[in-house]
Amino acid sequence: MDYYAELYEYLCSISNQYNFEKIKKAFDYANEMHEGQFRKSGEPYISHPVAVAKIVAQMELDTDSVCAALLHDTLEDCTDKTDSPTIKKMFGADVCELVQGLTKLVDIYFEDREEESVENLRKMFLAMSKDIRVIFIKLADRLHNMRTLSAQPSEKQRSIALETMHVYAPLAHRLGIQKIKGELENLSLRYLDPIGYEEVKNDIDHRYGENRDFLENAQNQIAEKLNAEKIPYSMNGRVKSIFSIYKKMYNQGKSFDEIYDFYAIRIIVDTELECYTVLGLIHEMFNLIPGRFKDYISTPKPNLYRSLHTTVIGRHGIPFEVQIRTWEMHTVAEYGVAAHWKYKTGEQDKENLAEKLKWIRTLVETERGDADNDEFLKPLKIDVFEDEIFVFTPKGDVISLQSGATTIDFAFAIHTEVGNRMTGAKVNGMIVPIDTVLQTGQIVEVITSSSPKGPSKDWLKIVRTSEAKNKIRQWYKREKRAENIVEGKAMIERELKSFGKSYTDAQRDEIVSNISSRIGMTTVDDFYNSLGYGGMSISKVLPRLRDEFTRIVSPIVEEKAPDVSANFMADIVKKPSGKGNQSVIVDGVDNLQIRFAKCCNPLPGDNIIGFVTRGFGVSVHKSDCPNAVSGVKNESEKERWIPVRWSEYSIAKSNSESGFETILQIYADNSLTVIAELSNLLNDMKVQVNGLNTRVIQGKKQQLITVNITCKNTTHVSSILQRIRKLKDVDDVTRGFS
């Protein structure tokens, strides 16, 4: 297949302004670098960069963006063939910086997958803050990966889909790129809840089939009116996307029949004045549903979206939404900031665009190691479905905030110094408490002091936006360093004393030094400072603190060898190294080869028993495991069942980021949303899911969901079970046997 000919033909259909010589050079180089590499689908790897370049071109980005799309995997996947200086020399500094911004951190060791994921996202956002084209290309890359996700193993499908739903779809939404956002959401849902996806899809096909002529008749009726008024227009009808309907059913608990804005008609005209003229004509022709009119032209969304929305009643009492916008508004609605990046070139335009993108800078203001991973991820996991509010300054400027924001959030949205000097607030001219939650349409005034003492730490519990939290923490980091260090030291001392064993100052200093180095702090004082002002929570440090304390202060002491029968002593296989990090021990025998039985997946806290296998070490079972119960009764092998116990290391391990596998068996209603609810719950609890299967229970309106998870111990799994039982469609949940 001639991939370049396909790309060339597509680019020509978009624009004749591309530098085709440079693009051909980038294609040839990428093709050479990826020679011999294939995708999971079996296609030559070059098919992927070409597909990404076509999506980038669809957003009408420039030649350098297309070249970067073609080269985006070369630095990561072809390290033995090329490097950044070569890319820069061949294609220029701009292309090189774009490719670097799209390249993952492949040469750095990370302690866990979450840390690696966060650092790669942080790197991408740092590059994005310098050149917004980085995220456009990354979204194109993710979109093509989602389109071809069926070639991946099921575990990876779910992992990639979950990341897409929580990070990349919200990013596309925040940037106003609705065309990509909608497709990412639908594709993600297809892998996260395939049953729910298919049921909604079938319902849509059924209802649309019953009313197939409804949209056509409504459009004809509107067209007749617009033609009579001699208003030039373009019009199309559509039904809501699968994910939009699924989300309403999940978020609002609605049945499919309760989704009223199932149909929509979009009208595109030439001028803003014509938008309002058409709106008036629509309201003359159809009955308006009260409370369903939104003017996003006079008050645009934060992602630059502008349009008029109204919902009216059509033939046979069927409601439908009408969206009215100009061609420029439509381009921005489809491609958001990408459209503004291309078309807005004046200084004032650039300044306005920079203001709209200031949230990106907020994400990279905090240095690595300065805040918890979930604090960094929180603004990325934007709730796409959460309403935004729009409030006004006394001068009439519109400030957009997320729902639930307070007057403090408003103050920091105006300016950092306004927030730092804040002493009170007025809403609609009346003095209100500073924790007052704001509503759309209110006029908010911040009362400031000329001699500020700075924000209160208690504000961190009040504010809703990540921007406000970051700015408050930054003030304490900068202005209260000495006090923070003292507080941080006191927090560490309290935790160390709670371990119940004495330690020396030298041991404490070694423990703290090791931890601060592992999390990327330059000095120990920086570590104490971060704890003191709240940039890092002590709960996040605690597992590492316990691990270091166990290793340095109270290492495991060897005990006498057990009295084990010589008949099978030779079958106990020892590991060559790893002293002191044995999860389960047979008293006195060190460095055993241990494996946890998959039939029952024991956890620290369970009563356990060991079985000496032939050549594979000791297999550890729960004492009530059916295999263990029957095995102990078997005369020929009962002497191979030996007493074992959890070691101190297993307790330290269970409190660290690593853990143990176990099986959950969940009995739930045949609901459309239960899989999504379960996935979201486990994700929120930061529980790693290793596998998930469902089957319908014959003769009952129930399904059995079997989930393989990684958890810490019996206490941890109990809390997980307790949270799952609270899901509305779950009837029962237990730890199961494989």
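Classified by interplanar angle (parallel below 30°, tilted 30° to 60°, perpendicular above 60°), the ring pair Tyr503/Phe549 is perpendicular.
Using modelled atom types, one finds a donor on one side chain and an acceptor on the other under 3.5 Å when comparing Asn145 with Arg39. Gln37 and Asp77 are not linked by any side-chain donor-acceptor pair at a separation below 3.5 angstrom, with hydrogens and angles left out of the test. In this model, no donor atom of one side chain and acceptor atom of the other lie less than 3.5 Å apart for Ser718 and His716.
For the side chain to side chain donor-acceptor pair (under 3.5 Å) test with Glu661, the passing option among Asn708, Asn601, Thr710 is Asn708; the others fail.
Remark: side-chain polar atoms of Ser679 are paired, donor with acceptor, to backbone N or O of Ile675 under 3.5 angstrom. With hydrogens and angles ignored, the 3.5 Å screen pairs a side-chain donor or acceptor of Gln157 with a backbone N or O of Gln152. Although no hydrogens or angles enter the test, the distance criterion places no donor-acceptor pair under 3.5 Å between the side chain of Asn202 and the main chain of Glu199. In terms of modelled atom types and a separation under 3.5 Å, the side chain of Glu495 and the main chain of Ile492 share no donor-acceptor contact. A donor-acceptor distance shorter than 3.5 angstrom exists from the side chain of Asn186 to the backbone of Phe243, with no hydrogens or angles considered. At least one donor-acceptor pair under 3.5 Å links the side chain of Arg725 to the backbone N or O of Val733. Although no hydrogens or angles enter the test, the distance criterion places a donor-acceptor pair under 3.5 Å between the side chain of Arg640 and the main chain of Val612. Judged by distance alone, with hydrogens and angles left aside, the side-chain atoms of Thr164 form no donor-acceptor pair with the main-chain N or O of Ser188 at under 3.5 Å.
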> Given Arg142 and Leu139, is the side-chain contact (heavy atoms from CB on, under 4.5 Å) satisfied, shown in steps?
Replying inline: CA-CA 5 Å; Arg142 179 52 62 110; Leu139 286 171; 5.5 Å; no

>> As a quick check of understanding, evaluate side-chain contact (heavy atoms from CB on, under 4.5 Å) for His621 and Trp641, giving each step before the final call.
In response: CA-CA 10 Å; His621 296 252; Trp641 292 92; 3.8 Å; yes

>> Could you go through Ile511 and Leu545, starting from their C-alpha distance and side-chain angles, then the distance that decides it, and tell me whether this counts as side-chain contact (heavy atoms from CB on, under 4.5 Å)?
In response: CA-CA 7 Å; Ile511 290 169; Leu545 194 65; 3.7 Å; yes

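For Arg723, the CZ atom counts as loosely surrounded, since its 6.0 Å shell holds 12 or fewer non-hydrogen atoms of other residues, nucleotides or ligands.
The pair Arg158-Asp193 fails the salt-bridge criterion, with no side-chain N (NZ, NE, NH1 or NH2) lying under 4.0 Å from an Asp/Glu carboxylate O. Comment: Arg147 engages Glu183 in a salt bridge, judged by a side-chain N to carboxylate O separation of less than 4.0 angstrom.
Between Tyr197 and Tyr246, a ring centre-to-centre spacing not shorter than 6.0 Å is recorded.
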